[in-house]
2 protein chains.
Amino acid sequence: MPAIPARNTGAHVVYAELKRRILSLELKPGERIYEPAMATELQVSRTPLREAIRRLISENLLEQQPTGGVVVPVLDEAEISELYEVRAAVESLMARNACLKATPADLDELRGILARNAALVEFADDAMKQGMALHARIALIAGNSWAGRFHDQVSSQMERYRHYTNSTQRRRDQALAQHRALVEAIAAGDPEQAANMAFDHVMGARDAAVRAISGKNGAAS
Amino acid sequence: MPAIPARNTGAHVVYAELKRRILSLELKPGERIYEPAMATELQVSRTPLREAIRRLISENLLEQQPTGGVVVPVLDEAEISELYEVRAAVESLMARNACLKATPADLDELRGILARNAALVEFADDAMKQGMALHARIALIAGNSWAGRFHDQVSSQMERYRHYTNSTQRRRDQALAQHRALVEAIAAGDPEQAANMAFDHVMGARDAAVRAISGKNGAAS
DNA sequence: CTAAGCATACTTGTATACAACTATGCAGAG
DNA sequence: CTCTGCATAGTTGTATACAAGTATGCTTAG
């Protein structure tokens, strides 16, 4: 029982389910959504379904066609690079702010996450989750709710590209080292350096992702 | 006649009208929206109205209350600072990218905007519009559509705070000088410097806005 | 055989009716 | 007098019926 009961309306459930399917690629990019069929499948009427669809359109997780009708946006490889860049900009800001606001307790927390991260560096999925945990914690310390919101949106979008950007062991080691350096920069109280480290770290991830993709394409074609 | 017919459904019209009222503060912060009354006023049924409302909630221009019912979000002065920071991060990224991609023609375009801006520096409203035109052009040159989207959202939000942040003549002169320096940094092809100039420029605007607000409050209380 | 026009089926957009839920005020017990 | 419980009015959430628009395939003229 959450402190705030948190409205659990049908439209919300449908929204969550559709979002899950989109991010997991269960709903394939390019696929069109027909309201009556989907409503039947999800056991609701078209009204709450439409509400969920509209919301997903706002979040760029569905696309309205000029002719009327919605489709799952196609994956555009060039977009990955853009998303990483925006994430870099936002995380850079967060690192800067976190640096200015972090308490000793916050620093302990970050180092704790780092330690857990180090223990899991060889497992791709867990390592990624821990990495996200670190960034999430920094976001919290930074205390800029708008930055947090945009960061969440970008992260959701990137989720769809997960399959393209599988990390290598080498890349994970590098990321861990960069995370360590970032936390130490925050601890040192140098906001410029913290911002730069965060930016470069994410941009490094971007480059790795772009290479991974062009590699796959190059091999395939 | 636009090349793309651009679906003009009732829900879209309602969306635009509500957004206009929210941004202009015609709908006052804290005010609740009752669907039947608003639907009658806008001469549509509740269905398209609700669709518009949902979309505005997604964009954080309306707020859903836990109990059910939507209100116009209250203006929180602390939020202005957050919004400026996010804008700084995004514009900084855009400046960096624009620097890497700008063609000679692009540079001419930017300098042209600067010239028009200089001519209007004493008129607060026009100066602001020209300033936005410059940033919009840079966004276009940067060619990161996601950054552009987020930038638009932040700009919309800031619109609501316009009344608080009236610029002074001194501030406008300073902004013009910074814009000139930014364009020259882009022209010089130094992405780091361009990014830093854009960041510092917007952060300067943030500080001015924060001072203006605390000044008003200090004087009032 | 090709292409234009039309009829038809289907999809989305809107209105309205109904159900579930929330808040407010009053009555009555403590 | 205060607080609890309930009745009632009003609001939001959902379903369904209808209207408007879109695409598809057939028919027919060239």
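Quick note on labels: first sequence line is chain A, next is B, and so on, each numbered from 1. Every heavy atom of this structure was used, including side-chain atoms; hydrogens, water molecules and symmetry mates were not.
- In this model, the phosphate group of D:dG21 is not approached by any side-chain N or O of A:Thr67 to a distance below 4.0 Å at OP1 or OP2.
- Atoms CE (B:Met38) and P (D:dT12) sit 11 Å apart, rounded to a whole Å.
- The residue among A:Pro36 and B:Gln43 whose nearest nucleotide of DNA chain C is located toward the 5' end is A:Pro36.
- Rounded to whole Å, the distance from CD1 on B:Ile53 to C1' on D:dG13 is 13 Å.
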Might you work through the side-chain hydrogen bond (donor to acceptor under 3.5 Å, both in side chains) test for A:Ser58 and B:Glu59, ending with a clear yes or no?
CA-CA 7 Å; A:Ser58 289; B:Glu59 296 175 10; 4.7 Å; no
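- Atom CG in A:Leu49 sits about 10 Å away from atom P in D:dA15, given to the nearest Å.
- Counting to the nearest Å, the P atom of D:dT12 and the CD1 atom of B:Ile57 are 11 Å from each other.
- Formation of a donor-acceptor pair under 3.5 Å by the B:Ser81 side chain with backbone atoms of B:Ala78 is not found in this model.
- In terms of position on DNA chain D, the residue among B:Glu35 and A:Ser45 whose nearest nucleotide sits closer to the 5' end is B:Glu35.
- Dashed line: the shortest gap from a side-chain N or O of A:Arg46 to OP1 or OP2 of D:dT16 is not under 4.0 Å.
- Using a 4.0 Å heavy-atom cutoff across all strands shown, B:Thr47 reaches at least one base atom of the nucleic acid.
- Between C:dA15, D:dT12, D:dT14, one nucleotide has an atom nearer to the side chain of B:Arg32 than all others, and that is D:dT12.
- Within the 4.0 angstrom heavy-atom criterion, only backbone atoms of the sugar-phosphate kind lie near A:Ile33; the bases stay farther away.
- For the residue pair B:Glu85/A:Asn97, the side-chain donor-acceptor check at 3.5 Å is satisfied.
- Within 4.0 Å of B:Gln65, counting heavy atoms only, lies no atom of the nucleic acid at all.
- Distance from the side chain of A:Gln64 is smallest for C:dG13 among the nucleotides C:dT11, D:dT12, C:dG13.
- Using a 3.5 Å distance cut-off with no hydrogens or angles, the side chains of B:Ser155 and B:Asp152 do not pair a donor with an acceptor.
- The side chain of B:Tyr34 has D:dT11 as its nearest neighbour among D:dT11, C:dG13, C:dT16.
- Ion pairing between B:Arg206 and B:Glu79 fails under the 4.0 Å rule for side-chain N and carboxylate O.
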